[in-house]
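Below is one structure, written out as structure tokens; comments come after it.
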Amino acid sequence: MTPALRPLTSLRPVRLRLAPRRNGPQPIDGVWWPRSEDLTAELPLLIRALPHNWPQMAHATVNDTMWSAFPGRILIANHVIQLHRSTTRRTPHTICLVAPGKGRWDLLVIPPHTAAPEAQRLMATADTPEGPSRPDLFPERTLTP
């Protein structure tokens with residue numbers, strides 16, 4: 001029996017750090033650093049990397065200017081996730097994952113082309129008391145497309 005070959009991107013770990021749960025609501029639940037600007041390749045890897053106790057996501061809202069392609073929906077593990085464009089310029093570097101009736105999770109998205117030292121600094125903010133939602137996280141130069 002020949003083992004099935006997997007795409008190279010699936011062999012590398014997803015760069016995701018979730019914030020520890022705190023009392024009360026928190027604006028950002030973690031930090032994700034995708035490897036490319038291809039949402040159709042990156043989102044399935046993210047969804048599969050989420051903790052098993054998280055519910056199945058049905059919607060994802062992203063800033064479509066960050067991604068090379070933006071389909072209206074994507075099939076992940078025989079489940080359709082509806083994709084929505086972010087309507088606010090306030091959160092250009094986030095993805096909002098929604099499981100209707102179960103909850104909402106917001107992740108800071110580090111642009112794929114970010115230099116490793118800067119991305120690692122941003123990933124580390126998930127563990128800080130104020131979390132990864134501070135307004136000064138991204139220098140002004142990375143906010144412009």
Distance-only side-chain donor-acceptor flag, Asp38 / Ser36, under 3.5 Å: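 There is no such pair (donor and acceptor under 3.5 Å, judged by atom type) between the side chains of Asp38 and Ser36.
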Shared hydrophobic cluster for Trp105 and Leu39 (ILVMFWY, side-chain gaps under 4.5 Å):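 Same cluster: Trp105 reaches Leu39 through Ile, Leu, Val, Met, Phe, Trp or Tyr contacts under 4.5 Å.
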Provide the closest heavy-atom pair for [X] versus [Y] in the form atom of the first, atom of the second, distance.
{"X": "Thr125", "Y": "Leu122", "result": "OG1-O, 2.6 Å"}
{"X": "Ala124", "Y": "Arg17", "result": "CA-NH1, 3.5 Å"}
{"X": "Val31", "Y": "Leu107", "result": "N-CD2, 4.4 Å"}
{"X": "Pro13", "Y": "Arg35", "result": "O-NH2, 2.8 Å"}

What residues, two or more places apart in sequence or in another chain, satisfy side-chain contact (heavy atoms from CB on, under 4.5 Å) together with [X]?
{"X": "Pro51", "value": "Leu18, Asn53, Trp54"}
{"X": "Ala49", "value": "Val14, Leu16"}
{"X": "Ile74", "value": "Thr40, Leu43, Pro44, Ile76, Ile81, Leu83"}

Rounded distance (nearest 0.5 Å) linking atom [atom1] of [X] with atom [atom2] of [Y]:
{"X": "Ile28", "Y": "His93", "atom1": "CD1", "atom2": "NE2", "result": "11.5 Å"}
{"X": "Met57", "Y": "His79", "atom1": "CE", "atom2": "NE2", "result": "9.5 Å"}
{"X": "Glu42", "Y": "Ile47", "atom1": "CD", "atom2": "CD1", "result": "12.0 Å"}
{"X": "Asn63", "Y": "Cys96", "atom1": "CG", "atom2": "SG", "result": "13.0 Å"}
{"X": "Leu97", "Y": "Lys102", "atom1": "CG", "atom2": "NZ", "result": "15.5 Å"}
{"X": "Thr114", "Y": "Met123", "atom1": "OG1", "atom2": "CE", "result": "11.0 Å"}

Partner set under salt bridge (Lys or Arg N to Asp or Glu O under 4.0 Å) for Arg15, not counting sequence neighbours: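 With neighbours one apart ignored, the set is empty.
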Taking only residues at least two apart or on different chains, which pairs with a member in [range] satisfy salt bridge (charged side-chain N to carboxylate O under 4.0 Å, His left out)?
{"range": "residues 48-60", "answer": "none"}
{"range": "residues 57-70", "answer": "Asp64-Arg85"}
{"range": "residues 67-82", "answer": "none"}

Non-neighbouring partners of His59 that pass ring pair (Phe, Tyr, Trp, His ring centres under 6.0 Å), sequence neighbours left out: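 His59 satisfies ring pair (Phe, Tyr, Trp, His ring centres under 6.0 Å) with His84 once adjacent residues are dropped.
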Verdict with reasoning, Phe70 to Val62, per side chain to side chain contact (heavy atoms under 4.5 Å, CB included): CA-CA 9 Å; Phe70 190 84; Val62 299; 3.2 Å; yes
Verdict with supporting geometry, Leu46 and Ile95, side chain to side chain contact (heavy atoms under 4.5 Å, CB included): CA-CA 11 Å; Leu46 170 65; Ile95 182 169; 4.3 Å; yes
Any Val109 side-chain heavy atom under 4.5 Å of Pro34 side chain: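 A side-chain contact exists here, since the closest heavy-atom pair is under 4.5 Å.
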Selection residues 28-50 - residue pairs positive for ring-ring contact (aromatic ring centres under 6.0 Å, His included), sequence neighbours left out: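 Matches after skipping sequence neighbours: Trp32-Trp67.
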